[in-house]
Amino acid sequence: MEEKKKVLTGNCKFTGMRPAMADLPYPQVQVWGRNQAYANLLSVDYCGQVSELSAVAQYINNENRLSYENCSVAKTILSIAMAEMMHLQKLGELIVLLGGNVNYTAKHRNGAKRMWTPEYLTLPENAAKMIQAGITSEKEAIDQYQMHIKMIQDDCVTAVLARIIKDEEYHIMLLRGLLEEL
């Protein structure tokens, strides 16, 4: 007797998803002039260990692992990942305008260059630990952006970074709410 195959499908529908972003406009992406040092600082935000690329990869991985068992958490995590993709795009634009290159290599002030790697990711085994890792990552990103705002003397660039911080703070609020729901 031949065994019937059962089709497996996810129970989570992602139609109409929107990025989880603070309800504030973004400043225009522009710079006062080329500045390789500023482009290098932003390259760390773009693809360093604490970066938008790391955030996107980590959140998408978490969403994939949670979508079958906890759709509401997965949807929130996906909406945060979408916002992080927007940040990645804005940082990339700034880097190019500043005269830098978006080649997934973070250029540190000490001269070190490091290509992005999945070794930067934290992949906890359960939802609570995933959410806690997200909160930690968001706080680290805020600290790094605040440090870079102090170092960059271009108000066009720092306005974009300050606006990104608003989204990261919103993400922390969303993630804390998810922890309370678990």
Side-chain angles (χ1 to χ4, degrees), residues 3-27 29 42-95 102 104 106 114-146 148 160-182:
E3 187 176 321
K4 277 192 162 188
K5 293 181 181 179
K6 183 179 177 183
V7 175
L8 299 175
T9 61
N11 62 351
C12 208
K13 304 295 181 232
F14 295 104
T15 306
M17 294 289 304
R18 298 179 51 83
M21 300 170 77
D23 191 19
L24 298 166
Y26 262 86
V29 176
L42 295 183
S43 76
V44 174
D45 299 321
Y46 185 83
C47 64
Q49 184 165 358
V50 174
S51 70
E52 298 299 338
L53 185 59
S54 293
V56 169
Q58 185 163 317
Y59 283 128
I60 291 294
N61 182 276
N62 291 344
E63 176 273 317
N64 289 157
R65 293 189 295 149
L66 291 172
S67 64
Y68 190 72
E69 63 190 51
N70 196 329
C71 186
S72 67
V73 171
K75 282 184 170 185
T76 301
I77 289 174
L78 179 59
S79 69
I80 293 171
M82 293 167 71
E84 304 295 2
M85 285 186 259
M86 300 289 290
H87 300 163
L88 185 69
Q89 188 277 330
K90 290 184 183 311
L91 289 171
E93 270 191 83
L94 287 170
I95 290 166
V102 285
Y104 299 113
R114 177 111 194 249
M115 184 162 239
W116 186 87
T117 172
E119 293 172 8
Y120 291 157
L121 305 181
T122 302
L123 303 174
E125 66 278 0
N126 66 53
K129 289 183 180 178
M130 288 177 196
I131 293 166
Q132 191 56 55
I135 292 169
T136 299
S137 296
E138 297 286 354
K139 288 178 179 179
E140 290 172 349
I142 290 168
D143 290 346
Q144 184 168 287
Y145 281 126
Q146 288 172 336
H148 289 170
V160 173
L161 299 183
R163 176 58 187 80
I164 289 172
I165 288 173
K166 298 290 186 196
D167 287 342
E168 308 299 19
E169 292 169 339
Y170 181 58
H171 298 164
I172 291 171
M173 183 197 74
L174 291 173
L175 292 167
R176 284 182 175 152
L178 290 179
L179 267 182
E180 290 175 12
E181 290 177 21
L182 294 181

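All values below come from the heavy atoms of this structure, side chains included, with hydrogens, waters and symmetry mates left out. Note that the numbering runs from 1 along the sequence shown for the chain.
For residues 4-27, no pair satisfies salt bridge (charged side-chain N to carboxylate O under 4.0 Å, His left out), with sequence neighbours left out. Screening residues 172-182 for salt bridge (charged side-chain N to carboxylate O under 4.0 Å, His left out), with sequence neighbours left out, gives no hits. For the side-chain hydrogen bond (donor to acceptor under 3.5 Å, both in side chains) condition, the pairs that include at least one residue of residues 124-134, sequence neighbours left out, are E125-K129. The list of salt bridge (charged side-chain N to carboxylate O under 4.0 Å, His left out) pairs with a residue in residues 161-172, not counting sequence neighbours, reads R163-D167. Pairs engaging residues 71-87 under the salt bridge (charged side-chain N to carboxylate O under 4.0 Å, His left out) rule: none recorded [sequence neighbours left out].
The CZ atom of R114 lies 4.0 Å from the OH atom of Y120; values are rounded to the nearest 0.5 Å. The CG atom of D45 lies 10.0 Å from the CG atom of L94; values are rounded to the nearest 0.5 Å. One finds the CE atom of M17 at 8.0 Å from the CD atom of E63 (value rounded to the nearest 0.5 Å). The CD1 atom of I80 sits 5.0 Å away from the CG atom of L174 when rounded to the nearest 0.5 Å.
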Scan the side chains in residues 53-61 for donor-acceptor partners under 3.5 Å anywhere in the protein, sequence neighbours excluded, and list what turns up.
| from | atom 1 | to | atom 2 | distance (Å) |
| --- | --- | --- | --- | --- |
| S54 | OG | G48 | O | 3.2 |
| S54 | OG | Q49 | O | 3.3 |
| S54 | OG | S51 | OG | 3.2 |
| S54 | OG | W116 | NE1 | 2.8 |
| Q58 | OE1 | T122 | N | 3.0 |
| Q58 | NE2 | T122 | O | 3.4 |
| Y59 | OH | E138 | OE2 | 2.6 |
| N61 | OD1 | R65 | NE | 2.7 |
| N61 | OD1 | R65 | NH2 | 3.4 |

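The backbone N or O of L42 lies less than 3.5 Å from no partner atom in the side chain of H148, so there is not a single donor-acceptor pair. No donor-acceptor pair closer than 3.5 Å links the side chain of E52 to the backbone N or O of L91.
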